[in-house]
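As structure tokens, the structure follows; a few thoughts come after it.
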Amino acid sequence: MTKTIRSVKGTRDFYPCNMIVHNWLYEHIRRVSNSYGFQQWDGPVLETIELYAAKSGDELVKEQAFVFEDRGGSFITLRPELTPSLARMVAKNRNSLNMPLRWWSFGRFWRYERPQKGRAREFFQWNLDLIGSNSIRADAEVASIAAQFFYSIGFVPKDIVIKVNNRQFMEKIISDLGVLDNQFDIVFRLIDRVDKMSSEKWMQYASDVGLKDVQINKLHNELCKVDQWRDSEELSQFFEFTEMMGTRQWFEFDPKVVRGLDYYTGIVFEARDRKLHHRALLGGGRYDNLVSDMGGDAISGTGFAMGDVVIKLLVEEFGLLPDINTSNTDILITIFEEDLISYSYEVASELRKYNFAVEVYPDIVKLKKQLKYADRQNIAIVLVLGPDEIANSMVTVKKLSDGSQTNILLADLPEVLRTMLESE
RNA sequence: GUGCCUGUAGCUCAAUGGCAGAGCGCCGCACUGUGGCUGCGGUGGUUGUGGGUUCAAGUCCCAUCAGGCACCCCA
């Protein structure tokens, strides 16, 4: 065997059976997005490095972006996320866009990381954003759409939880502990890890970044309070609005959720499976300054992104996948012998006029082999056109599910096939 | 970028340092105008690559490449 050329690390091949799953996912995303009146859009997959340098966070840009120099000497990035492109496009056309914008998108993204379970270098992402509204209702709505999506593909609140927090609220809490403004990022990172480390290690880490023992204990104490959202106007409203929108049972306050991207300014949320088997399914929140950072007026936005990798893993584990054995083809027309090829193709074109999906076996091989192909391909009906049939202007129609077959007059074929396929 | 694990047939995996195997798949025949089921037969390999130790290496050692998992970060 000759050596096959390897695919690029971290990329996935989508065979037809994979595309069925992929399209199934995409179809639910499309339907849910549209049902809330969101419009589909997309940006370029190539952007300048400057677009991300401003706000995405150092780690994402310096360590995880695919960057290359083009022939003109410019540094080009394969987009690692969509929100900066969104902000750029909104800033650019601010005056002609009819606010508020409800936009969604589904496309490919790239991050140069070590691939592992639930993470690839090339992945798809669903983005959904509501731009130009300051209301917490906007946050509650986009988060509710995420919940509605999980429901539409077969999950219930006991499978998945969407954890909610508010960055300003957390800033106030850590500020009250005596943490300075310029240390917020460090402390957010610390908060992010409280569940990932043993408590001794966490205490040590907290101490290493410069917190005093008193502060550490108080912080740890704060992170265990699951009811303190009542002290936050925005969080209280958020939960009230999800109640109104019928999605309240999907959401929980979690003071440990702060999100990694630097541009979030208010409500933040992330979805996880309840058993915490996987990394976050989806993450999002409010970004008040992003559009103005791209050179536009201050416009507030809120939205989320969901990767395709983890959700596919979870859907598979829960057995929610659609049947991947179904073929697009309704009817396979066999070829009997050299002289009769034209009959097969004529019948095929005729049937396509009646909107049947028809394929003709391309080679002159034994019927046995053609039948076997149809069986494996899960094609419901096979037509046999041999000398006997043609002499009488008939066709043999074989139903593969039960093996039954009948001779049908060519003229009656469309009607007979229609009823047969409907009963399948 | 750091650590750990794994590379054997198309796929899933066996093989005390001693003849490279099984199941599934694929192809053929029984059934030359009929799939699935069954039976029989056949196809299958530079054991990731390169070196070393040994009478002898899939097995032990070194290097390298690839994959997986965890860290990091995040969808």
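Because only heavy atoms are used, hydrogens play no part in the values below, and waters and symmetry mates are left out as well, while side chains stay in. Below, chain A is the first sequence line, B the second, and so on; all start at residue 1.
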| query | Does CD belonging to E69(A) count more than 12 external heavy atoms closer than 6.0 Å? | reply | yes
Winner on side-chain proximity to K398(A), out of A75(B), U34(B), G33(B), is U34(B)
message = Give me the distance, rounded to whole Å, that separates G45(B) from A9(B) when you measure between the P atoms they each carry.
response = 10 Å
Between Y373(A) and Q116(A), the residue closer to the 5' end of RNA chain B by nearest nucleotide is Y373(A)
Among G35(B), C69(B), C74(B), the one nearest any side-chain atom of D375(A) is G35(B)
- prompt: With rounding to whole Å, what would you report as the distance between A15(B) and G21(B) at their P atoms?
  reply: 15 Å
- Query: In terms of the angle between their ring planes, are W103(A) and W41(A) parallel, tilted or perpendicular, with boundaries placed at 30° and 60°?
  - Reply: tilted
**Message:** Angle between ring planes, Y112(A) versus F66(A), binned at 30° and 60°: parallel, tilted or perpendicular?
**Reply:** perpendicular
Under 5.5 Å between ring centres and under 30° between planes: does that hold for F336(A) against the base of G33(B)?
no
Whole-Å distance, Y15(A) OH to G10(B) C1', equals 11 Å
Closest to the 5' end of RNA chain B, once A280(A) and R114(A) are matched to their nearest nucleotides, is R114(A)
L367(A) has its side chain closest, among G33(B), A75(B), C27(B), to G33(B)
Atom CD of E337(A) and atom C1' of U34(B) are separated, to the nearest Å, by 16 Å
When you compare G3(B) with C74(B), how far apart are their P atoms, in angstrom units rounded to a whole number? 23 Å
How about W229(A) and F238(A): are their ring centroids closer than 6.0 Å? no
With a 6.0 Å cut-off on ring centres, are F155(A) and F318(A) close enough?
-> yes
Closest to the side chain of R259(A), out of A75(B), G33(B), C69(B), is A75(B)
So Y26(A) and W104(A), would you call those rings parallel, tilted or perpendicular, with 30° and 60° as cut-offs?
tilted
Using the C1' atom as the point on both nucleotides, what is the distance between G48(B) and U8(B), in whole Å? 10 Å
Donor/acceptor link under 3.5 angstrom from E113(A) side chain onto base of A75(B): yes
P-based separation of G35(B) from G18(B) [nearest Å]:
47 Å
Just call it for A374(A): base, sugar-phosphate, or nothing, with non-hydrogen atoms closer than 4.0 Å on any strand. nothing
Subject >> Euclidean distance for C1', U6(B) against G58(B) (whole angstrom) >> reply: 14 Å
- Query: Within the structure shown, what part of the strands sits under 4.0 Å from L281(A) by heavy-atom distance: base, sugar-phosphate, or nothing?
  - Reply: sugar-phosphate
Check: U34(B) base within 3.5 Å donor-acceptor of Q370(A) side chain | no
**OP:** Would you indicate what D388(A) reaches in the nucleic acid, counting non-hydrogen atoms under 4.0 angstrom: base, sugar-phosphate, or nothing?
**Re:** base
Note to self: Students often get this wrong, so: under 4.0 angstrom with heavy atoms, is K366(A) touching a base, only sugar-phosphate, or nothing?
What the structure shows: sugar-phosphate
Discussion item. Using only modelled atom types and a 3.5 angstrom limit, is any donor from either the side chain of K368(A) or the base of U34(B) paired with an acceptor on the other?
Written reply: no
Assess whether one donor atom and one acceptor atom, taken from the side chain of E389(A) and the base of G33(B), lie less than 3.5 Å apart.
-> yes
From the candidates A75(B), C74(B), G68(B), the one with an atom nearest any side-chain atom of R279(A) is C74(B)
Is there, by distance only and without an angle test, a donor paired with an acceptor across the side chain of R119(A) and the base of A75(B) below 3.5 Å? no
Side-chain contact check for V384(A): nearest option of G35(B), U34(B), A70(B) is U34(B)
